[in-house]
Amino acid sequence: MLSKNQLKLITSLHQKKYRIRHGLFIAEGIKVVRELLNSSIKSVDLYTTEVIEEFESHKSQHISELELKKISTLKTPNKMLGVFEIPSMTQVKQEGLLLVLDNIKDPGNLGTIIRLCDWFGVEQIVCSKETVDCYNTKVVQSTMGSLTRVSLIYKDLIPFLKTTILPIYGGFLDGENLYKTSLKKDGILIIGNESNGISKDISDLVKHKITIPRFGKLHQTESLNAATATAIMLSEFRSTLTEM
């Protein structure tokens with residue numbers, strides 16, 4: 001049975017300020033929890049509604065379905081909830097392809113972008129401080145475990161971009177055709193806010209403004225979803241590796 005203190009702590013982790021205060025986050029469902037347990041991220045507690053043999057070696061507590069529902073963020077809780085330590089942030093690398101996110105707000109978009117980076121072998125994402133928290137429960141769920149293989153670093157983007165030695169690319173509606181641009185294997189790719197794109201202060205630092213051309217006859221689609229645009233651009237950047 002959950003104690004009042006356990007209930008209070010776990011439900012508080014639904015909010016960013018308490019995740020920061022306690023240095024903890026939650027993950028739900030067998031697949032996501034399994035991925036986290038098999039990574040370098042440290043587990044604190046596991047709560048399950050049934051005995052699952054593969055998790056018996058970890059610290060776990062059996063709870064009722066009603067109790068799981070009280071601590072879950074899901075409409076239909078999935079057998080297991082884990083509490084994990086937020087890992088310390090790593091140093092930003094100055095080599096390879098680095099993704100920078102300027103004010104991405106939607107948790108689903110961020111989760112998908114993290115999975116895309118995992119797929120395309122992008123090891124680090126640098127996020128503006130206004131970008132949604134990667135330990136938001138919706139983000140954690142939508143990464144499906146990719147959060148364990150991609151590190152996210154939150155920082156002020158302008159000082160970072162001003163001092164980087166890497167070429168800076170950014171997605172714009174009026175940029176150069178992505179498919180006709182010479183792309184470097186080492187570089188920074190900036191993706192902007194879902195509604196407003198890359199902010200003015202950041203855009204002033206972008207040396208290579210690129211766009212995904214529209215091929216539809218009417219050209220009535222205003223823009224692509226941020227995650228969709230990221231997928232297309234990462235694919236094109238990675239294609240330069242196969243051509244070398």
Side-chain angles (χ1 to χ4, degrees), residues 89-90 92-136 138-140 142-144 146-147 149-162 164 166-214 221-241:
M89 285 197 296
T90 58
V92 180
K93 296 179 180 178
Q94 292 290 339
E95 61 182 3
L97 181 58
L98 181 69
L99 188 66
V100 169
L101 302 180
D102 179 19
N103 200 18
I104 294 295
K105 292 296 189 183
D106 183 78
N109 274 339
L110 180 56
T112 301
I113 288 169
I114 293 170
R115 290 181 69 187
L116 287 167
C117 285
D118 188 16
W119 183 269
F120 286 106
V122 177
E123 296 177 355
Q124 290 188 329
I125 302 174
V126 177
C127 303
S128 68
K129 291 185 176 180
E130 297 77 25
T131 293
V132 63
D133 178 22
C134 65
Y135 298 106
N136 174 300
K138 290 181 180 179
V139 177
V140 175
S142 61
T143 68
M144 297 298 290
S146 289
L147 188 59
R149 294 178 290 274
V150 179
S151 63
L152 282 87
I153 303 143
Y154 287 77
K155 63 193 311 166
D156 292 328
L157 295 184
I158 291 177
F160 164 68
L161 294 172
K162 282 183 175 180
T164 184
L166 296 171
I168 301 173
Y169 300 84
F172 293 84
L173 289 176
D174 58 351
E176 181 184 350
N177 187 328
L178 171 67
Y179 304 114
K180 297 180 179 180
T181 303
S182 177
L183 305 173
K184 305 293 185 182
K185 67 182 182 68
D186 294 332
I188 288 172
L189 172 61
I190 305 176
I191 300 295
N193 174 266
E194 293 90 342
S195 300
N196 303 312
I198 297 174
S199 60
K200 177 64 169 60
D201 289 344
I202 300 297
S203 66
D204 289 342
L205 301 174
V206 178
K207 300 291 177 62
H208 308 281
K209 297 183 178 182
I210 54 179
T211 193
I212 301 167
R214 291 181 292 188
T221 302
E222 290 186 4
S223 62
L224 291 173
N225 169 276
T228 301
T230 302
I232 295 169
M233 289 187 177
L234 288 182
S235 178
E236 190 63 17
F237 268 91
R238 284 319 193 197
S239 74
T240 63
L241 296 179

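Keep in mind that the numbers below use all heavy atoms, side chains included, and drop hydrogens, waters and symmetry copies.
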- Item | Inter-residue atom distance L101.CG - L110.CG, 0.5 Å rounding |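 The distance works out to 6.5 Å.
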- Task: Would you give the length of the straight line joining atom NZ of K155 to atom SG of C127, rounded to the nearest 0.5 angstrom?
- Result: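 If we round to the nearest 0.5 Å, K155:NZ and C127:SG are 11.5 Å apart.
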- Rounded distance (nearest 0.5 Å) linking atom CD1 of I212 with atom CD1 of I232: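 Reported to 0.5 Å precision, the distance equals 4.0 Å.
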- Considering non-hydrogen atoms only, spot the tightest contact between S203 and I198 and give its length.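 Closest pair (atom of S203, atom of I198, distance): N-CG2, 3.7 Å.
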- Quick one: which of I168, N103, D102 gives a side-chain contact (heavy atoms from CB on, under 4.5 Å) with I202?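 Result: among I168, N103, D102, D102 is the only option passing the side-chain contact (heavy atoms from CB on, under 4.5 Å) with I202.
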- Within a radius of less than 6.0 Å around NZ of K105, do more than 12 heavy atoms belonging to other residues, nucleotides or ligands occur?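 Buried by this count: over 12 neighbours within 6.0 Å.
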- Message: Minimum heavy-atom separation for V132 and Y154, please, with both atom names.
- Response: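 Residues V132 and Y154, closest heavy atoms: O-OH, 2.6 Å.
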- Donor-acceptor under 3.5 Å (T230 side chain, A226 main chain):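 It does hold such a pair.
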- Message: Nearest 0.5 angstrom please: D106 CG to N136 CG, how far?
- Response: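 So the CG of D106 and the CG of N136 are separated by 9.5 Å.
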- Nearest atoms (heavy-atom pairs only) where R238 meets G121: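 Heavy-atom minimum between the residues: NH2-O, 3.0 Å.
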- Who are the side chain to side chain contact (heavy atoms under 4.5 Å, CB included) partners of T90, not counting sequence neighbours?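 By the side chain to side chain contact (heavy atoms under 4.5 Å, CB included) rule, T90 matches Q124, S151, I153.
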- Between V92, L99, L205, L161, which is the residue that forms a side-chain contact (heavy atoms from CB on, under 4.5 Å) with I188?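 Going through the options one by one, the only one that passes is L161.
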- Using the ring-ring contact (aromatic ring centres under 6.0 Å, His included) rule, collect all pairs that involve residues 169-209, keeping only residues at least two apart or in two chains.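 Residue pairs passing ring-ring contact (aromatic ring centres under 6.0 Å, His included), neighbours aside: Y169-H208, Y169-F237.
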- Query: Does CD in E176 sit with more than 12 non-hydrogen atoms of other residues, nucleotides or ligands closer than 6.0 Å?
  - Reply: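 Enclosed.
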- Query: Between atom CG of L157 and atom OG1 of T164, what is the distance when rounded to the nearest 0.5 Å?
  - Reply: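 Separation between the atoms: 11.5 Å.
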- Item | Test log, rule side chain to side chain contact (heavy atoms under 4.5 Å, CB included), inputs V139 and D133 | CA-CA 8 Å; V139 177; D133 178 22; over 6 Å; no
- Step by step, would you call L97 with K185 a side chain to side chain contact (heavy atoms under 4.5 Å, CB included)? CA-CA 6 Å; L97 181 58; K185 67 182 182 68; over 6 Å; no
- Atom pair CG/NZ of D204 and K162 - distance to nearest 0.5 Å: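 These two atoms lie 9.5 Å from each other.
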- When you look at N225 and E194, which way does the side chain to side chain contact (heavy atoms under 4.5 Å, CB included) test go after all the steps? CA-CA 7 Å; N225 169 276; E194 293 90 342; 5.9 Å; no
